[in-house]
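So that the names make sense, note that chain A is the first sequence line, chain B the second, and so on, each numbered from 1.
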2 protein chains.
Amino acid sequence: MSLDKVFEALASGPRREILAYLSSAELSTSELAERFKMSAPTISRHLSVLENAGLVTSARHGQFVLYKLAPDNLVNTLAGFAFELCPVGGPLKRESRKLAAQKKTKTKTKTVRKPG
Amino acid sequence: MSLDKVFEALASGPRREILAYLSSAELSTSELAERFKMSAPTISRHLSVLENAGLVTSARHGQFVLYKLAPDNLVNTLAGFAFELCPVGGPLKRESRKLAAQKKTKTKTKTVRKPG
DNA sequence: TGTGCAATTAGCAAATTAGCTAATGATTGA
DNA sequence: TCAATCATTAGCTAATTTGCTAATTGCACA
């Protein structure tokens with residue numbers, strides 16, 4: 001459920017593709033392996049990364065382990081992240097504009113310059 | 001602007017931290033390097049990854065290069081991705097429920113079994 | 001025009017990741 | 001219980017990433 005794990009999980013193309021498959025149906029490891037041209041162990045590893053990040057859940061049904069999307073975690077995490085960076089209403093927070101204004105002050109005596 | 005580049009860029013903790021800094025002010029490479037305990041070249045590389053993904057933009061001001069967030073690209077990409085996986089109203093699309101129902105059919109003659 | 005600082009590029013070592021095959025659980029059904 | 005099948009773990013190699021320092025490029029200004 002950590003941001004780190006979620007973004008690490010989403011950084012892989014095959015893993016995002018797995019999520020896409022799981023968005024329309026619950027599937028087992030081997031069913032996913034068929035759809036990809038990858039070995040079952042490889043898929044299994046990807047699934048464990050996704051599960052560890054809280055993006056999918058699994059349930060054993062007899063011989064099979066069915067994986068399905070955990071859509072709430074996905075959406076909440078991404079939305080939370082985006083909101084932290086850009087709270088509604090635009091790119092910059094109020095405070096930031098103040099900071100941006102401050103940057104315009106120049107020092108003359110120091111040799112070290114600052115941008116602005 | 002590709003999904004691949006965006007998620008690769010977001011996969012790094014330091015890069016997400018850079019985005020957080022840029023969400024409240026435009027900053028130069030060296031200003032960012034101060035805030036992190038990292039060398040300027042390292043920050044510069046992170047910034048180029050972020051810029052290449054379309055998440056930040058840069059503008060040279062004299063000696064300095066100021067970086068700032070490209071919030072639209074960030075939000076649109078994440079929202080688009082999330083929406084593709086979970087269109088409004090719940091985890092599964094209509095079609096998916098049909099598929100899930102289909103899975104319940106069993107074959108008797110084949111030795112290969114299917115989950116469900 | 002030459003010196004100094006900001007930024008980037010080049011080149012390197014350590015760590016991580018992604019794929020594979022082989023081996024080891026887990027579960028069903030004869 | 002044995003054989004078959006699904007899933008996962010172990011162990012390996014190739015490729016990528018991340019940090020660094022050193023070298024190079026771009027600008028400002030004395």
Side-chain angles (χ1 to χ4, degrees), chain A residues 4-19 21-22 26-53 56-68 103 106-116, chain B residues 4-18 22 26-53 56-68 103 106-116:
Chain A
D4 249 7
K5 286 183 180 177
V6 169
F7 278 113
E8 181 200 316
L10 293 177
S12 148
R15 280 194 291 267
R16 290 196 304 275
E17 225 177 314
I18 288 176
L19 292 180
Y21 275 116
L22 295 182
E26 303 183 18
L27 293 170
S28 68
T29 306
S30 50
E31 285 175 316
L32 282 165
E34 281 171 23
R35 284 158 172 77
F36 293 78
K37 296 286 170 55
M38 279 187 205
S39 68
T42 296
I43 296 293
S44 180
R45 184 113 124 266
H46 282 309
L47 286 167
S48 95
V49 171
L50 289 168
E51 185 167 29
N52 198 249
V56 307
T57 60
S58 69
R60 184 173 272 276
H61 286 252
Q63 242 175 325
F64 299 87
V65 175
L66 290 185
Y67 285 87
K68 74 170 168 181
K103 277 196 314 158
K106 279 193 180 177
T107 63
K108 241 186 183 174
T109 53
K110 292 190 68 175
T111 63
V112 173
R113 286 178 291 277
K114 283 191 165 187
Chain B
D4 249 7
K5 286 183 180 176
V6 169
F7 278 113
E8 182 200 316
L10 293 177
S12 148
R15 280 194 292 267
R16 290 196 303 275
E17 224 177 315
I18 289 176
L22 295 182
E26 303 183 18
L27 294 170
S28 68
T29 306
S30 50
E31 285 174 316
L32 282 165
E34 281 171 23
R35 284 159 172 76
F36 293 79
K37 297 285 172 54
M38 280 187 206
S39 67
T42 297
I43 297 294
S44 179
R45 185 125 110 250
H46 282 309
L47 285 167
S48 95
V49 171
L50 289 169
E51 185 167 29
N52 197 249
V56 306
T57 59
S58 68
R60 185 172 271 277
H61 287 251
Q63 240 174 326
F64 300 88
V65 176
L66 290 184
Y67 286 87
K68 73 170 168 181
K103 276 194 316 155
K106 280 193 179 177
T107 62
K108 241 186 186 172
T109 53
K110 292 189 69 176
T111 64
V112 173
R113 287 179 290 278
K114 282 192 165 185

When all nucleic acid strands are considered with a 4.0 Å heavy-atom cut-off, which category describes A:S28: base, sugar-phosphate, or nothing? sugar-phosphate
I'd like to compare against my own output: the B/S/- annotation of nucleotides 12-22 of chain D with a strict under-4.0 Å heavy-atom distance to protein. -----SBBBBB
Taken to the nearest whole Å, CG/A:D4 to P/C:dT17 is 11 Å
Do B:I18 and B:R35 come within less than 4.5 Å of each other through their side chains, counting heavy atoms only? no
Please tell me if B:R60 has a side-chain N or O lying less than 4.0 Å from either OP1 or OP2 of C:dA7. no
Drop me the distance from B:L66's CG to B:E31's CD, to the nearest 0.5 angstrom. 7.0 Å
Tell me whether the side-chain N/O atoms of B:S48 come closer than 4.0 Å to OP1 or OP2 in C:dT8. no
Can you measure B:F64 atom CZ to C:dT8 atom P for me and round it to whole angstrom units? 12 Å
Just how far is it from atom OG1 of B:T57 to atom CG of B:L50, taken to the nearest 0.5 Å? 11.5 Å
Tell me, please, which residues at least two apart from B:S58 pass side chain to side chain contact (heavy atoms under 4.5 Å, CB included). B:E51, B:V65, B:Y67
For A:N52 and D:dT9, give me the distance from atom CG to atom P, rounded to whole Å. 11 Å
Indicate, yes or no, whether a donor-acceptor pair under 3.5 Å links the base of C:dT28 to the side chain of A:Q63. no
Between C:dT8 atom P and B:L66 atom CG, what is the distance in whole Å? 11 Å
Examine D:dA7: is either OP1 or OP2 under 4.0 Å from a nitrogen or oxygen in the side chain of A:S30? Give yes or no. yes
According to the interplanar angle, ranging from 0 to 90°, do the rings of A:F36 and A:Y21 count as parallel (below 30°), tilted (30 to 60°) or perpendicular (above 60°)? perpendicular
Any idea which heavy atoms bring B:A33 and B:A40 closest together, and the distance? CB-CA, 4.0 Å
Between C:dA7 atom C1' and B:I18 atom CD1, what is the distance in whole Å? 14 Å
In whole angstrom, what separates A:E34's CD from D:dA7's P? 10 Å
Is there a side-chain contact between A:L32 and A:L22, using heavy atoms and a 4.5 Å cut-off? yes
For the atom pair NE2 (B:H46) and CD (B:E17), what is the distance rounded to the nearest 0.5 Å? 10.0 Å
Gap between atom CG of A:N52 and atom CG of A:L47 - 0.5 Å precision: 12.0 Å
How many whole angstroms separate atom CG of A:L47 from atom P of D:dT8? 7 Å
Between D:dA7 atom P and A:L27 atom CG, what is the distance in whole Å? 11 Å
Phosphate oxygens OP1/OP2 of D:dT8: is one of them under 4.0 Å from a side-chain N or O of A:Y67? yes
Roughly how bent is the helix from C:dT1-D:dA30 to C:dA30-D:dT1 end to end, in steps of 10 degrees, with each end axis from five pairs? 20°
Under 4.0 Å, heavy atoms only, any strand: does B:F36 hit a base, just the sugar-phosphate, or nothing? nothing
Considering only heavy atoms from C-beta outward, does the side chain of B:R15 approach that of B:L10 to under 4.5 Å? no
